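All remarks here apply to the structure that follows.
Since the model is a prediction, treat every value here as computed from it, not as a measurement.
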Amino acid sequence: MITHSYEQCIQACLECMEACNTCYDSCLKEKDMDMMVDCIRMDRECADICSFAVKSMQSNSPFAKQICQLCAEICEACGNECKKHDHDHCQKCADACFRCAEECRKMAA
């Protein structure tokens, strides 16, 4: 059973993962791909850790707090990278990343 404390964090991670996947796909279609390389790399990293964090919380892993702490750090880094770009998908991704980082920090506390 998923505890109530996990619910908000799981939701934030799922939303962040979706935003990162959308941003990743959209970045691949941008004209100046060289400029988007770091954003694409961070999107992949962030989506992967969000997925892993969700799994750890759903299975009540004894490492869920540490995984959520790492997830918060990666989400923050991804959000900072996405914020550098004016594209709508990057800005939306940054917002989702920062929300997820905040929820993951609460989980890890």
Side-chain angles (χ1 to χ4, degrees):
M1 183 175 137
I2 299 170
T3 65
H4 181 68
S5 61
Y6 286 164
E7 287 176 14
Q8 283 184 289
C9 191
I10 288 171
Q11 188 60 39
C13 285
L14 290 172
E15 289 170 8
C16 185
M17 183 176 63
E18 182 178 350
C20 286
N21 285 330
T22 298
C23 188
Y24 168 84
D25 183 58
S26 297
C27 284
L28 290 175
K29 297 172 186 162
E30 293 296 339
K31 290 177 186 160
D32 188 1
M33 281 284 291
D34 290 342
M35 187 179 82
M36 305 309 296
V37 169
D38 290 338
C39 189
I40 292 167
R41 180 173 286 123
M42 289 305 305
D43 285 337
R44 291 287 6 110
E45 194 81 27
C46 192
D48 288 347
I49 192 66
C50 284
S51 174
F52 187 52
V54 167
K55 289 176 189 176
S56 74
M57 288 181 279
Q58 288 174 335
S59 65
N60 205 26
S61 167
F63 301 103
K65 287 185 182 223
Q66 292 97 318
I67 293 165
C68 285
Q69 180 59 45
L70 179 59
C71 187
E73 291 172 26
I74 292 172
C75 285
E76 183 90 19
C78 187
N80 287 331
E81 178 58 37
C82 285
K83 268 291 189 215
K84 295 177 185 176
H85 306 283
D86 291 331
H87 308 296
D88 189 51
H89 56 85
C90 289
Q91 294 300 309
K92 287 180 180 175
C93 187
D95 291 343
C97 286
F98 293 139
R99 278 192 306 275
C100 188
E102 183 180 339
E103 287 300 324
C104 282
R105 282 193 182 93
K106 287 180 194 172
M107 249 315 300

Check whether more than 12 heavy atoms from other residues, nucleotides or ligands sit under 6.0 Å from atom CD of E18, and answer yes or no.
-> no

So how far is it from H85 NE2 to D32 CG, rounded to the nearest 0.5 Å?
-> 9.5 Å

Does a sphere of radius 6.0 Å around CG in D86 hold more than 12 heavy atoms from other residues, nucleotides or ligands, not counting ones at 6.0 Å or beyond?
-> no

For E73, what residues pass the side chain to side chain contact (heavy atoms under 4.5 Å, CB included) criterion, not counting sequence neighbours?
-> Q69, L70

Rounded distance (nearest 0.5 Å) linking atom CD1 of I10 with atom CE of M17 | 11.5 Å

In Å and rounded to the nearest 0.5 Å, what is the OG to CD distance from S61 to Q66?
-> 8.0 Å

Student check: side-chain heavy atoms of C20 and C78 closer than 4.5 Å | yes

Between the CD atom in Q91 and the NZ atom in K83, the distance rounded to the nearest 0.5 Å is 4.5 Å

Apart from I40 itself, which Ile, Leu, Val, Met, Phe, Trp or Tyr residues share its cluster (side-chain heavy atoms under 4.5 Å, direct or through members)?
-> Y24, L28, M33, M35, M36

Please answer: with hydrophobic residues joined when any side-chain heavy atoms are less than 4.5 Å apart, are I49 and F63 in the same cluster?
-> yes

Quick one: side chain to side chain donor-acceptor pair (under 3.5 Å) partners of E103, sequence neighbours excluded?
-> K106

Salt bridge (charged side-chain N to carboxylate O under 4.0 Å, His left out) contacts in which one or both residues fall within residues 19-28, not counting sequence neighbours = D25-K29

What pairs of residues pass the side chain to side chain donor-acceptor pair (under 3.5 Å) test when at least one of them lies in residues 43-54, not counting sequence neighbours?
-> N21-R44

CD-SG distance between E81 and C90, expressed to the nearest 0.5 angstrom = 8.5 Å

Heavy-atom closest pair (C75 atom, C16 atom, distance to 0.1 Å) is SG-SG, 3.9 Å

Mind checking side chain to side chain donor-acceptor pair (under 3.5 Å) for D88 and listing every partner two or more places apart, or none if nothing turns up?
-> K92

Might you point out which heavy atoms bring A53 and S56 nearest each other, and give the distance in Å?
-> O-OG, 2.8 Å

Does H89 have any ring-ring contact (aromatic ring centres under 6.0 Å, His included) partners at least two apart in sequence or in another chain, and if so, which?
-> H87

By the rule that ILVMFWY residues connect when side-chain heavy atoms come within less than 4.5 angstrom, directly or transitively, which residues belong alongside F98?
-> none

Kindly state each residue pair satisfying ring pair (Phe, Tyr, Trp, His ring centres under 6.0 Å) with at least one member in residues 32-62, sequence neighbours excluded.
-> none

Pair Q11-E7, side-chain hydrogen bond (donor to acceptor under 3.5 Å, both in side chains): steps then yes or no | CA-CA 6 Å; Q11 188 60 39; E7 287 176 14; over 6 Å; no

Treat each ILVMFWY residue as a node, draw an edge where side-chain heavy atoms are under 4.5 Å apart, and state whether V54 and M107 are in one component.
-> yes

Mind checking side chain to side chain donor-acceptor pair (under 3.5 Å) for R105 and listing every partner two or more places apart, or none if nothing turns up?
-> E76

C97 side chain reached by C46 side chain, heavy atoms, under 4.5 Å = yes

With sequence neighbours left out, what residues match E102 under side chain to side chain donor-acceptor pair (under 3.5 Å)?
-> none

